[in-house]
Structure formats: structure tokens, C-alpha cells
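A quick write-up on the structure given underneath.
A, B, ... follow the sequence lines: proteins, then strands. Residue 1 opens every chain.
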Amino acid sequence: MTPEKFIASKAVEAVKAIYGAELPESMMQVGVTRKEFEGDYTLVVFPLLKTTHAAPAATGTAIGEWLTANCPEISSFNAVQGFLNLSLSNLFWSETFEGITADKDFGQLAPTGRRVMVEFSSPNTNKPLHLGHVRNNLLGSSVSDLLKAAGNEVIKTTLVNDRGVHICKSMYAWQKRFDGATPESTGKKGDHLVGDCYVEFAKMEKENPAVLDDVHEMLVKWEQGDPEVRSLWQMMNQWVFDGFDQTYKALGITFDKTYYEHDTYLLGKELVQKGLDMGVFVKDPDGSVWCDLTADGLDRKLLLRSDGTSVYMTQDLGTAERRFAEYKLDSHIYVVGDEQNYHFQVLKLVLAKLGFEWASQIYHLSYGMVELPEGKMKSREGTVVDADDLIRKMYEEAKATSEESGKLAELSEEEKDRLYHMIGLGALKYFILKVDPRKKMLFNPKESIDFNGNTGPFIQYTHARICSILRKAAAQGLEGCLKPGLELSPKEIRLVKIINIYPQKVAEAAEAFSPALIANYAYDLAKEFNQYYHETQILKEPDQDVLRMRLMLISTLASVLRKAMGILGIELPERM
RNA sequence: GGUUCCGUAGCUCAGCUGGAUAGAGCAACAGCCUUCUAAGCUGUGGGUCACGCGUUCGAAUCGCGUCGGAAUCACCA
């Protein structure tokens with residue numbers, strides 16, 4: 001039980017005892033006391049005035065007196081206007097602290113019994129990944145870990161868009177203008193080489209629009225299984241996959257299951273027939289099939305072309321049905337940009353019309369675009385921020401900053417390399433994940449991502465600092481240990497308080513599908529530690545019990561930082 | 001035009017299930033390394049929470065409207 005809930009339940013008892021009225025717990029608004037006032041938690045008494053028929057301050061005082069008299073956990077109070085500030089006893093906090101240290105799985109929520117699939121990344125195989133994909137990948141991966149921490153079973157998946165006109169464009173340009181170039185012959189990463197082909201095609205199209213006909217012919221041949229086209233397709237796709245693998249590896253992204261569009265693009269046609277049989281779809285005279293959503297405030301949606309071929313939506317209906325059936329999913333989350341809000345709105349509606357109860361368990365985690373100061377990234381104008389480039393730059397930046405600080409003399413070259421990658425990536429991941437997913441975000445390539453302030457490296461640094469203290473303590477044979485009933489300082493209580501709400505944060509963040517809440521929590525915790533660090537000499541404390549308690553406190557804090565940042569996919573170093 | 005989302009400090013962002021004097025970081029300025037890692041800490045300046053009306057004891061937060069921005073409404077994916 002959280003302290004807030006505890007106080008609310010006690011306040012219900014207080015009101016009953018003093019005023020004889022039974023109020024629901026939801027009437028008790030308990031929040032964390034603002035810094036300017038004394039106390040840990042504040043009960044807002046305004047909502048109670050109709051019941052108590054007394055002035056705000058008098059009501060607060062009466063409840064405060066009852067609580068301090070009847071609850072040993074509540075040590076003192078002060079009533080300011082309609083706000084009753086309550087201080088919890090030192091014993092309460094030291095017991096809370098003890099409870100946290102005893103819980104090996106602190107922050108891992110109880111199993112929900114729900115199985116959730118998270119689809120993210122889902123790249124096209126005609127060009128390399130850029131910053132927009134990076135946001136998608138980091139969000140998807142992080143939300144997956146977040147949902148796991150919240151007690152769900154999670155299956156991470158991706159649907160590779162490996163067929164279609166866009167792929168054929170790259171293939172066509174390669175055939176005509178690349179003279180047999182391969183990743184080996186050019187020394188170029190495969191996805192970048194194929195991306196070059198795609199760009200080249202745009203030029204070809206500009207010079208002679210007729211090339212589009214050739215590409216469509218190629219697509220038809222692909223669908224017919226033409227051996228030559230298929231083998232070219234396979235070769236170039238493999239180049240891209242190899243390139244993507246490197247990028248995924250650098251980002252620390254993995255999937256439990258990979259789908260390929262060439263396997264799934266025909267799914268959903270039976271569902272169209274089912275919808276027609278059920279009378280929820282209609283067939284136009286030209287043979288095309290539609291779902292009428294005008295009653296839901298939307299338009300008519302095409303589900304099957306007049307030539308009988310399927311569209312994007314058809315395929316998505318089919319894959320959703322297959323996945324829910326195959327994996328017995330309770331829920332499915334799609335991490336897709338907000339430009340596709342309409343698509344997912346329609347998807348859910350159509351599935352509901354087909355009678356699938358699980359349609360309501362589909363969530364579109366709709367995130368905002370990453371924009372540059374000039375606006376959207378445009379590949380035609382060469383303003384796309386390439387993922388590999390960015391990762392490399394972050395590494396260089398981390399290396400430069402680290403070398404400047406000159407603290408890493410004892411590390412081997414290999415350890416340094418690992419550390420630079422950890423820091424560079426930590427900066428990038430935190431930069432992206434600390435922003436509310438739903439909001440669009442701005443990236444300015446001219447200003448490099450910061451390593452100071454509210455950043456990943458700040459939190460990594462804080463962790464390294466704690467580890468340094470723990471190392472020094474261990475060298476003196478000292479270990480963290482908590483003596484029951486030991487007095488905690490106000491600052492230490494603050495730390496315990498923040499650590500204590502971590503599980504609650506995980507629950508909130510999972511509910512909102514927002515790793516940003518975890519990022520901001522980790523920052524608050526790190527910041528609070530740094531203040532404590534500057535005003536408290538941990539190792540020079542003469543009282544051994546206090547010293548050991550502090551070691552316990554900071555090692556617990558470090559462990560919570562690791563858990564929180566782990567959800568963001570960010571590793572914390574032991575020194576930096 | 002319809003629908004949806006957004007508008008908080010010079011910049012990037014928190015806060016939004018209504019609560020006390022709206023918070024951080026960056027940038028600027030002033031301090032703190034003979035003290036456990038200065039990628040840190042402390043302080044100063046910086047706000048009509050786009051605007052208006054409403055609901056409420058109380059609104060950045062909820063409702064309606066206005067202005068500004070974005071996305072989307074394909075027999076594209």
C-alpha cells in the first residue's frame with residue numbers, strides 16, 4: 001500500500017470518528033507536500049467541508065489531531081488554509097526502506113496474466129534507417145520492457161515491408177545504373193547501397209517518367225514468381241537485412257518474431273468474404289469491396305480493389321486475426337507514427353464490425369514525428385538524419401568528452417570502447433525517450449545532444465559516482481546494512497520517498513505507454529542523490545551504523561536507477 | 001471543408017485523473033574542486049501557461065468558442 005492510500009484510509013476513519021460521517025476513500029485527496037511546507041503528504045480538506053460544516057483550517061486541525069493521536073505512523077501535522085500537511089514518523093520511513101531492501105524484485109509488478117504483442121520498427125527494405133525509425137525502435141523496445149516490468153508477458157515483433165513498388169524501384173535502378181555493385185565491392189553497408197539505388201531511381205524518373213512502367217512490369221513479374229526478378233529481390237533484400245542487423249545491434253534492439261510482408265500481404269481476403277456474408281461490407285458494381293463507416297463519422301473504406309487485389313488495410317485485418325489466434329493474445333500494441341491515426345481508427349472499427357471481441361484490445365501507440373528546425377525530414381532534400389551516422393557521432397562525442405575528463409586511465413582500450421558506446425547511446429536514447437511519445441519532437445543536428453543536465457550521461461555519471469563510493473567502502477571492508485529503527489535525516493527520507501514510488505511509476509508509465517515518465521523519474525532520483533552527495537560525507541561518517549545505512553541507501557538507489565534506465569534500454573557504467 | 005492532435009521561460013521539455021507562490025535542463029551571469037568522480041552542486045535574472053467565455057471554494061489542467069500550427073480523409077503503403 002502506498003503512503004497516500006494509507007493516509008486516505010486513515011482520514012476516512014478520522015472523519016467517521018469526529019463527524020460521524022462515512023465518506024468514500026476517493027473523497028480523500030492526498031498528495032506529496034510541496035517543498036515550501038513542512039510535512040510529507042498533504043490532505044486537501046476542501047472536499048470535506050460540506051460534511052464537516054466547519055472552516056477549512058478547523059477541519060484540518062481536527063483531523064490532524066485525531067490522526068496524530070490514533071496513528072503511530074503519523075508524527076505531526078500543520079494545517080494551512082484547506083491543506084493538512086502530515087509528517088510520517090521516522091520509524092515509518094525506516095521500515096519502508098527496510099521493506100524495499102528486502103524485496104529482490106522491487107519494481108517488478110505482479111503478473112497480470114496478460115499476453116501482449118508489441119509491433120514496432122517495421123521498416124521498408126529500400127533505404128537505411130533514419131532518426132524517425134530510431135524513435136520508433138526505441139519506443140517500441142522500451143514500451144515492451146515497460147509492459148514486462150508491469151507484469152505482462154510481451155512478444156516483440158516487427159513486420160518487414162519487403163515487397164512492393166518501392167522495392168522494385170531500387171532493384172530497377174541497380175540493374176540499370178550500378179554495374180553489378182555489391183556491398184563487398186563498394187565497401188558500403190548494404191542498406192545504404194540499396195538506399196543509393198532508390199535515390200538514383202528518383203533521378204531516372206525525373207529524366208524519363210516512362211521508367212515507372214518498367215517498374216510496374218517488374219512488380220507484376222515479382223508477383224508471378226519470375227525467377228530472375230525474385231533472385232535479384234532476394235539478393236538486395238539480404239543486403240538490407242544485413243545492414244539493418246548492424247543498426248539494430250548498435251541500438252540494442254531485438255525481436256521475438258519477425259514477419260515479412262511477402263508472407264502476409266495476401267492475408268485478410270477471407271475476412272473480406274466473411275464481412276460480405278455478415279452483411280457488414282458491401283460490394284460495388286465494379287467488384288470493389290467497401291466498409292461503410294459514415295455512421296461512425298468516417299468515410300467509406302476500400303478493402304478490396306475492383307481487380308480483386310488487396311490493399312494495406314486488408315492485410316492488416318488478416319495479420320491481426322492471425323496473431324490473436326496463433327498467440328492467444330490479450331492485447332496488441334502497434335507502435336506507428338501519428339500520421340497513421342486514421343488507419344488504426346479504421347482498423348479497430350472494421351475488426352469490431354467483423355465481430356472480434358479483441359478489437360477493443362488493439363492500441364495504436366501513436367507517436368509524433370521527429371522534426372528538424374526546418375521542418376520535416378525529406379529524403380529528396382537530403383535532410384534525413386541517418387541512424388548509423390548519428391550513432392557514430394554520439395560515440396565520437398562521448399569519446400571526446402571522456403578523454404577530456406581523463407578519468408579512465410585504468411580501463412583497457414576494449415573497455416573504453418564499450419563505455420563510449422554506452423554513453424553515446426545513453427545520450428541518444430534518453431534524448432528521445434524523455435519526451436512524451438505522443439508529442440512531436442525537435443532535433444537540431446547543429447547542436448549536438450547534450451551530456452549535461454537532464455540527460456542520459458548525467459544519470460550514468462550519477463551511477464558511476466555511487467559505484468565509486470561503494471568500491472571505496474568495500475576496500476575498507478564496509479558493506480551496506482540497515483539497523484532497524486535507525487534515525488534518517490530529512491534528505492534521506494526524501495530519497496526513500498522517491499525510491500518508494502518507483503513501482504507506482506512503472507504502473508503509471510505502463511498504463512500510459514510512456515517511457516518518458518520513467519525517464520523523468522530517473523532524472524529526479526539522480527538529481528536528488530547529487531544534492532545529497534554534496535551535503536553529506538558518506539564515507540567519513542563516524543557512526544558505523546549510520547555509515548552502513550547510507551551505503552545501503554545509495555546502493556539501493558543505484559539499483560533502482562539501473563532498473564529504470566534498463567526499461568529505457570540504457571546501461572549504466574561503474575565508472576566514467 | 002470533416003476528423004484528430006498540438007500551443008507552458010529566448011530554446012528543448014516536465015507538470016494536465018482540478019489544489020497552496022507553474023517546474024527542470026540548455027543558453028546568460030555570479031560562486032564552489034588540499035573534501036567520497038566538477039558529465040556535479042549553489043545562487044541570480046527570465047512566464048498574460050496562445051486568446052476569450054464558462055463550470056468550481058479553487059483552472060496550465062475540465063467544457064465551449066476564436067486564433068495559430070501539424071497530421072489525415074487514395075482502387076499508395
- All stems with RNA chain B, defined as three or more consecutive Watson-Crick or G-U pairs under 3.5 Å: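 Listed by first number, the stems are B:1-7 with B:67-73, B:10-13 with B:23-26, B:28-32 with B:40-44, B:50-54 with B:62-66.
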Once you apply a heavy-atom cut-off of 4.0 Å, does [X] come out as touching a base, just sugar-phosphate, or nothing?
X        : answer
A:Ile423 : base
A:Gln81  : nothing
A:Pro47  : base
A:Leu43  : nothing
A:Leu442 : sugar-phosphate
A:Asn444 : nothing
A:Tyr523 : sugar-phosphate
A:Thr536 : base
A:Val435 : sugar-phosphate
A:Tyr342 : sugar-phosphate
A:Glu574 : base
A:Arg438 : nothing
A:Ser366 : nothing
A:Asp338 : sugar-phosphate

Ignoring the backbone of [X], work out which of [options] is nearest its side chain.
X        : options                : value
A:Val80  : B:rU37, B:rU72, B:rA20 : B:rA20
A:Lys376 : B:rA71, B:rA77, B:rC13 : B:rA71
A:Pro457 : B:rA77, B:rC36, B:rA39 : B:rA39
A:Asn454 : B:rG25, B:rC16, B:rC36 : B:rG25
A:Arg465 : B:rG25, B:rG40, B:rA39 : B:rG40
A:Phe458 : B:rC41, B:rG25, B:rC13 : B:rC41
A:Asn85  : B:rC41, B:rC75, B:rA20 : B:rA20
A:Met576 : B:rA39, B:rU37, B:rU4  : B:rA39
A:Lys439 : B:rC75, B:rG19, B:rG7  : B:rG7
A:Gln531 : B:rC41, B:rG19, B:rA38 : B:rC41

Counting just side-chain N and O atoms, does [X] come under 4.0 Å of either OP1 or OP2 of [N]?
X        : N      : value
A:Gln29  : B:rG18 : no
A:Lys472 : B:rU37 : yes
A:Tyr461 : B:rA39 : yes
A:Arg305 : B:rA77 : yes
A:Tyr533 : B:rA38 : yes
A:Lys407 : B:rA39 : yes
A:Lys527 : B:rG40 : no
A:Arg300 : B:rA74 : no

Is it the case that the side chains of [Y] and [X] hold a donor-acceptor pair, with the cut-off being a distance below 3.5 Å and no angle test?
X        : Y        : result
A:Thr52  : A:Thr59  : yes
A:Asn237 : A:Thr125 : yes
A:Asn85  : A:Arg34  : no
A:Asp162 : A:His262 : yes
A:Tyr430 : A:Asn454 : yes

Using atom [atom1] of each nucleotide, how far apart are [N] and [M] to the nearest Å?
N      : M      : atom1 : answer
B:rA50 : B:rG31 : P     : 37 Å
B:rG43 : B:rC6  : C1'   : 35 Å
B:rG25 : B:rU8  : C1'   : 15 Å
B:rU21 : B:rU34 : C1'   : 42 Å
B:rG18 : B:rC13 : C1'   : 23 Å
B:rG19 : B:rU61 : P     : 10 Å
B:rG46 : B:rG10 : P     : 11 Å
B:rU55 : B:rG65 : C1'   : 15 Å

Test: [X] and [Y] ion pair at under 4.0 Å:
X        : Y        : value
A:Asp40  : A:Lys497 : yes
A:Arg550 : A:Glu492 : yes
A:Lys416 : A:Glu403 : no
A:Lys5   : A:Glu25  : no

- Item | Over 12 non-hydrogen atoms of neighbours within 6.0 angstrom of CD in A:Glu223 |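 Check passes, neighbour count above 12.
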Quick one: does [X] reach the base of [N] with a side-chain donor-acceptor pair under 3.5 Å?
X        : N      : answer
A:Thr462 : B:rA39 : no
A:Ser405 : B:rA38 : no
A:Asn452 : B:rA27 : no
A:Ser306 : B:rC75 : yes

- Message: Judged by each residue's nearest nucleotide on RNA chain B, which is more toward the 5′ side, A:Glu339 or A:Glu261?
- Response: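 Its nearest nucleotide being more 5', the pick is A:Glu339.
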- Between A:Thr33 and A:Asp284, who's closer to the 5' end of RNA chain B by nearest nucleotide?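 The residue mapped nearer the 5' terminus is A:Thr33.
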- Task: Take the protein atom CG of A:Asn530 and the nucleotide atom C1' of B:rU42, then report the distance between them rounded to whole Å.
- Result: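 Distance, rounded to whole Å: 13 Å.
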- Whole angstrom value for the distance that separates P of B:rA24 from CZ of A:Phe431: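 After rounding, the gap between these two atoms is 21 Å.
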- Item | Syn/anti label of B:rC49 as read from its glycosidic torsion, with the cut at 90° from 0 |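 Anti, angle beyond 90° from zero.
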- Message: Before we go on, tell me: are the rings of A:Tyr312 and A:His343 under 6.0 Å apart, centre to centre?
- Response: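 Centroid separation for A:Tyr312 and A:His343: below 6.0 Å.
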- Query: So, A:Phe83 and B:rA20: ring centres less than 5.5 Å apart, planes less than 30° off, yes or no?
  - Reply: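 Yes; by the centre-distance and plane-angle rule, A:Phe83 counts as stacking on B:rA20.
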- Answer yes or no on whether A:Arg438 is positioned over the face of A:Tyr367, meaning its NZ or CZ is under 6.0 Å from the six-membered ring centre and within 45° of the axis.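 No, cation not above the ring by the 6.0 Å, 45° rule.
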